Amino acid sequence: MRIRTVELRRLELELVSPLATANGTHERRPVVLVHVETERGGGDGECDALAEPNYTDECADGAEAVLAEHLIPLLLGDGRPAEFGSAEDAIALLDAVPGNPMAKAALEMALLDAELRSAGQSLAASLGATRPTIPAGATLGMGATSSVIAAARSTVAAGYRRLKLKVAPGRDVVPLAALRSEFPDVILVADANCSYDLSDTGHRAALRAIDALGLAAIEQPLDRRDLAGSARLVAECATPVVLDEAIDSLAALEAALRARACAGVVVKPARLGGIAAAVRVHDACVAAGMHLSIGGMLEAGLARAATIAVGALDGFDLPGDLGASSRYFRPDITAPHELVDGGLRVPASPGLGVALDAAVVEAATARCRVFGPS
Ligand code: MG
């Protein structure tokens with residue numbers, strides 16, 4: 001694989017509705033796109049870094065800068081091989097820069113898209129994923145119980161059977177209990193985004209009350225570093241305790257497994273550094289008997305396609321939170337991912353299996369730069 005150019009494009013997209021979480025409210029959705037042009041053809045990638053560095057330490061502005069000033073020059077600069085044996089070989093060069101998993105994942109996605117398109121193989125097929133659809137899930141932000149219930153009604157009416165409610169101390173048991181009683185058959189998950197602390201007696205009481213509601217999982221209740229506390233909850237709760245923010249690498253997973261700090265893991269390819277890393281975490285979780293959930297990052301259509309393909313792997317047994325494009329963007333930057341019988345189709349065309357809508361992308365573009373060999 002010979003990389004000829006890399007285009008770095010910054011979009012400003014509008015979310016259909018803001019999402020309130022324990023870390024703040026996501027109101028805007030900047031998207032960084034990369035397009036690699038190789039002698040075998042082109043490929044596209046999308047960076048999942050959010051507007052603010054409040055979910056992890058990456059944000060869209062920072063990821064764009066790291067791509068422009070460090071990662072893309074590694075692929076195109078002096079001293080690199082003239083030709084890479086595969087996308088994987090090219091991606092390995094990026095290890096010279098520590099951290100920045102979401103920025104790296106965008107380049108990985110583009111290189112894999114180019115490689116798989118030229119080979120005529122879909123991403124899902126290349127991963128060995130055989131499910132034609134994955135169950136869709138919808139995330140509801142925090143809000144007054146009446147507005148949470150109203151949002152849940154329209155979401156369930158649209159065909160979603162899996163709901164995840166963002167919670168935080170004081171904004172948890174009442175809306176969750178109301179959801180549980182109004183939708184007894186819906187699979188329900190609570191996502192705390194690290195907001196509880198076992199040294200607080202009120203927090204402990206709330207977690208006990210949440211545990212009594214029969215949820216499918218409680219996601220990342222405690223600080224990402226508090227594996228001992230999480231292990232205590234695993235031992236005390238009937239509800240599966242699932243780690244999300246805490247699992248940012250295979251090493252972090254291994255530490256959590258040693259500590260018996262989780263019953264399951266949310267896999268977000270971008271947070272782990274890309275698709276290959278996500279598959280390694282998936283495989284390690286399956287070997288350890290962990291539950292698995294595929295996680296969304298308010299992705300636009302490209303990254304949504306990639307994450308759906310990863311979510312089609314056999315180990316995913318817990319409700320994920322990937323929904324249709326229309327919950328997030330109207331229009332999306334690709335043909336929309338649509339809800340069909342409560343699920344999302346796994347793209348089957350070569351590469352990511354979706355194409356950018358040039359008019360939508362152009363209209364949302366704030367800036368665009370093309371990098372060639374130095
Ligand atoms: Mg989460």
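Remember, it's 1-based here, ligands and their atoms both numbered in the order they're listed. No experiment lies behind these values; they were computed from the predicted model shown.
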Asker: Is the Mg ion (ligand 1) less than 2.8 Å from an N/O/S atom of Asp191, whether that atom is in the backbone or a side chain?
Answerer: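 It does: Asp191 brings an N, O or S atom closer than 2.8 Å to the Mg ion (ligand 1).
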Asker: Kindly give the atom name of the N, O or S atom of Asp244 closest to the Mg ion (ligand 1).
Answerer: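 The closest N, O or S atom of Asp244 to the Mg ion (ligand 1) is OD2.
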Asker: Under 6.0 Å between ring centres: does that hold for His282 and Phe316?
Answerer: yes
Asker: Does Glu219 bring an N, O or S atom to under 2.8 Å of the Mg ion (ligand 1)?
Answerer: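 Here the distance criterion (N, O or S atom, under 2.8 Å) is met by Glu219, so yes.
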Asker: Roughly how far, to the nearest 0.5 Å, is the CD1 atom of Ile210 from the OG1 atom of Thr239?
Answerer: 9.0 Å
Asker: Rounded to the nearest 0.5 Å, how far apart are OG1 of Thr21 and CG of Asn193?
Answerer: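 Separation between the atoms: 5.0 Å.
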Asker: Does the cation-pi check pass for Arg153 over Phe183, that is, NZ or CZ under 6.0 Å from the six-membered ring centre and within 45° of its axis?
Answerer: no
